[in-house]
Amino acid sequence: MVVDDMTDENTFVNNDVNIAETDENNLREILRVRREKLNELKRNNKDPFKEVKYEVNSSSLQIKENFESMEGQRVSIAGRIMSKREMGKASFCDIQDRDGRIQLYVRINEVGEEAYEDFRKYDIGDIIGVEGEVFKTKKGEISVKIDKIKLLAKSLQPLPEKWHGLRDVELRYRQRYVDLIVNPEVKETFIKRSKIIKSVRKYLDNRGFLEVETPLLNPIPGGANARPFITHHNTLDIDLYLRIAPELYLKRLIVGGLEKVYELGRMFRNEGMSIKHNPEFTMMEVYQAYADYKDMMDLAEGIITTAAMEVTGGTKIVYQGEEIDLTPPWNRITMLEAVKKYAGIDFDQITGDEEARRVAKERGIQVEENAKWGEVLNAFFEEYVEDNLVQPTIVYDYPVEISPLTKRKPDRPELTERFEIFIVGREFGNAYSELNDPIDQRERFLDQMRKREAGDEEANMIDEDFLNALEYGMPPTGGLGIGIDRLVMLLTDSYSIRDVLLFPTMRPRT
RNA sequence: GACCCAUUAGCUCAGUAGGCAGAGCACUUGACUUUUAAUCAAGGUGUCCGGCGUUCGAAUCGCCGAUGGGUCACCA
């Protein structure tokens, strides 16, 4: 908007905080006082919200790290007031910028009487820009002796207590902005998250993988067993699903000849929430033509250990009190061996679905009435094995029944060339030699369809276009998916997925 | 979805046997020109998550509900 001749802007702008909106009379004392301060600033033509820019030439960290060379130099910095210690005609306060905190020394002689009186009214939480000289106090704290100070934004809400910070988990998730202001370790976690994602991208980019973007809005959700979110497009008048996995699109690109592709992005699954599950989460999937699942094992180790190195400086980490050694190579064990080891049952000796179900019944393992051999094997794996896989372990050769998109082992068609990565008893990745036989893929889809008709809402739907793509010929291909949120949890020692999501899904407050 | 736990001042938390609702920080006023959880003096905090009930009397006991957390189930 362009307004000419705005000689008296008070004609256009209500100078006071909107009383009707804030219902000032009903505000608590602590909130009312700050609004009154703002109104007074406006009356004195010092409305901080009219400031548009502040020239900053240093930061708290820069000053602290380079004190020797910067002592006595003038700097211009800005940040949020986090504490104040007033002593009459001189004061100390700490401001916080993106790098941390630094102490300011504000003296009436330096800033002048009017500015000093204004400063005394500034609140913890206000944002200021200051200029002054770098020095060290008697007690040895690196500080800035201020001679110019400007209020850049007024904080109308009091910050949480300086000592305990914000502890209320619900408030921390709902008002992450406050959490970030007062809990430094939260900021640290999200900086690490960003580094991990950068590291994964860099690792793949350096190896010639092409980052691509495939649709989030899918006519047919595929690539995983999960219930999707449904939405509607008005112009096309069709329901669309939010993607549950990018797999089928990425494999179309392999058919198209891109050969080495990956996508790192948000997935959506309309399922339960827990410390490990959020309805939207981030996953990386990578596909490489002419490679197999063994290649994907090496790739997975490389991606994860490189991220660990970049974020923690090593490959030995501690997660929730447990020492984890990510140094490759990781343990590798077949699912059959693992079940034999931890459950004491050799599924190689069990022939047929019926016998498998009988063994499950004996052990009190719940399986579907018509569960197949492979499904029973998987049930045993989940019940007996997973929790034991604390150190990084690659479990491979999964049964075909639970792997509808995976190539069979040439010598054992009831098994597939698939593996999952387990660390601290949790799944971190899933990979396989991709099924590229369109005839077999159609059979697998039909099998999934039968499960769907039997009431399994998570079973795959038939994706005819994907089958069509396979019919053009997809080279032998290795694919790998890594749950990024879980990786971030592992490398930041976070207990809950909500601690690595800036804005976790919450029920709206009424 | 089931079960368990939590909800008290802006924040962090006490609270009782069912009997006037508390502390620290923050805030207000005053003192203080090198403090750092600054200090000193004085001062006001409130839908005790909501509703219903029991009771002379409920923050406290009961029931229903809300939100969050945890465990389990499903999943990555």
Item checked: Short side-chain N/O contact from A:K145 to OP1 or OP2 of B:U34, under 4.0 Å -> no

For a quick test of your reading: what N or O donor-acceptor pairs under 3.5 Å do the side chains of residues 370-378 of chain A make, sequence neighbours left out?
from: A:W373; atom 1: NE1; to: A:F347; atom 2: O; distance (Å): 3.4
from: A:W373; atom 1: NE1; to: A:I350; atom 2: O; distance (Å): 3.0
from: A:E375; atom 1: OE1; to: A:K372; atom 2: N; distance (Å): 2.8
from: A:E375; atom 1: OE2; to: A:K451; atom 2: NZ; distance (Å): 2.8
from: A:N378; atom 1: ND2; to: A:E382; atom 2: OE2; distance (Å): 3.3

Can you tell me how far P in B:G57 sits from the matching atom in B:G43, rounded to whole Å? 35 Å

Testing B:C11, B:G68, B:U28 for proximity to the side chain of A:P160, the answer is B:C11

Counting the atoms with a prime plus P, OP1 and OP2 as sugar-phosphate, which does A:N278 contact under 4.0 Å by heavy atoms, base, sugar-phosphate, or nothing?
base

Quiz item: At under 4.0 Å between heavy atoms, what does A:I108 touch on the DNA or RNA strands: base, sugar-phosphate, or nothing?
Solution: base

Atom CD1 of A:I244 and atom P of B:C74 are separated, to the nearest Å, by 18 Å

Is it the case that the side chain of A:Q288 and the backbone of A:T477 share a donor-acceptor pair, with hydrogens and angles ignored and the cut-off at 3.5 Å? no

For the pair A:F135 and A:Y105, name the ring-plane relationship: parallel under 30°, tilted 30 to 60°, perpendicular over 60°. tilted

Checking B:G10, B:A76, B:U33 against the side chain of A:R486 (C-beta onward), the nearest is B:A76

With sugar-phosphate meaning primed atoms plus P, OP1 and OP2, does A:M506 contact a base, only sugar-phosphate, or nothing at under 4.0 Å between heavy atoms?
sugar-phosphate

Donor-acceptor contact below 3.5 Å, side chain A:R172 vs main chain A:N183 = no

Under 6.0 Å between ring centres: does that hold for A:Y319 and A:Y495? no

Heavy atoms only, 4.0 Å cut-off, all strands: where does A:N109 land among base, sugar-phosphate and nothing?
base

Side-chain contact check for A:F135: nearest option of B:G68, B:U34, B:G70 is B:U34

Of the listed B:G70, B:C11, B:U28, the closest approach to the A:L171 side chain comes from B:C11

Check: Is there a side-chain contact between A:M87 and A:F92, using heavy atoms and a 4.5 Å cut-off?
Finding: yes

| message | With a cut-off of less than 4.0 Å, is there a side-chain N or O of A:Y122 near OP1 or OP2 of B:C27? | response | no

Atom CZ of A:R32 and atom C1' of B:A26 are separated, to the nearest Å, by 16 Å

Looking for any heavy atom pair under 4.0 Å, which part of the strands does A:K121 touch: base, sugar-phosphate only, or nothing? nothing

Considering only heavy side-chain atoms of A:R167, the closest of B:A76, B:C13, B:C27 is B:C13

Secondary structure of RNA chain B per the Watson-Crick/G-U criterion (both distances under 3.5 Å; [ ] crossing, | other strand, . unpaired) is (((((((..((((.....[..)))).(((((.......))))).....(((((..]....))))))))))))....

Exercise. Per the atom types in the model, does the base of B:U67 pair as donor or acceptor with the side chain of A:R507 at under 3.5 Å?
Worked result: no

**Prompt:** Between A:I421 and A:F419, does a side chain to side chain contact (heavy atoms under 4.5 Å, CB included) hold up when you go through it step by step?
**Reply:** CA-CA 7 Å; A:I421 300 158; A:F419 72 87; 3.8 Å; yes

Using a heavy-atom cut-off of 4.0 Å across all strands, would you classify A:R227 as base, sugar-phosphate, or nothing? nothing

Rounded to whole Å, the CD1-P distance (A:I124 to B:U28) equals 10 Å

Here the distance between atom P of B:U28 and atom CZ of A:R35, to the nearest Å, is 15 Å

Report task. Identify whether any heavy atom of A:R498 sits under 4.0 Å from a base atom; if not, whether one sits that close to sugar-phosphate; answer base, sugar-phosphate or nothing. Result -> sugar-phosphate

Item to complete: Check every strand shown and say whether A:G165 touches a base, only sugar-phosphate, or nothing at a heavy-atom separation below 4.0 Å.
Response: sugar-phosphate

So which protein N/O to nucleotides 35-41 of chain B N/O distances come out below 3.5 Å?
from: B:U35; atom 1: OP2; to: A:K139; atom 2: NZ; distance (Å): 2.8
from: B:U35; atom 1: O2; to: A:R85; atom 2: NE; distance (Å): 2.6
from: B:U35; atom 1: O2; to: A:R85; atom 2: NH2; distance (Å): 3.3
from: B:U35; atom 1: O2; to: A:Q103; atom 2: OE1; distance (Å): 3.1
from: B:U35; atom 1: N3; to: A:Q103; atom 2: OE1; distance (Å): 2.8
from: B:U35; atom 1: N3; to: A:Q103; atom 2: NE2; distance (Å): 3.0
from: B:U35; atom 1: O4; to: A:Q103; atom 2: NE2; distance (Å): 2.7
from: B:U35; atom 1: O4; to: A:T137; atom 2: OG1; distance (Å): 2.8
from: B:U36; atom 1: O4'; to: A:R85; atom 2: NE; distance (Å): 3.1
from: B:U36; atom 1: O2; to: A:Q103; atom 2: OE1; distance (Å): 3.4
from: B:U36; atom 1: O2; to: A:E141; atom 2: OE1; distance (Å): 2.6
from: B:U36; atom 1: N3; to: A:E141; atom 2: OE1; distance (Å): 2.7
from: B:A37; atom 1: O3'; to: A:K162; atom 2: NZ; distance (Å): 3.1
from: B:A38; atom 1: OP1; to: A:K162; atom 2: NZ; distance (Å): 2.3
from: B:A38; atom 1: OP2; to: A:R85; atom 2: NH1; distance (Å): 3.3
from: B:A38; atom 1: N7; to: A:E86; atom 2: O; distance (Å): 3.3
from: B:A38; atom 1: N6; to: A:E86; atom 2: O; distance (Å): 2.4

What contact category does A:Y173 fall into here, base, sugar-phosphate, or nothing, at under 4.0 angstrom with non-hydrogen atoms? sugar-phosphate

- Quick one: label A:N430 by what it contacts on the DNA or RNA (base, sugar-phosphate, nothing), any heavy atom closer than 4.0 Å. nothing

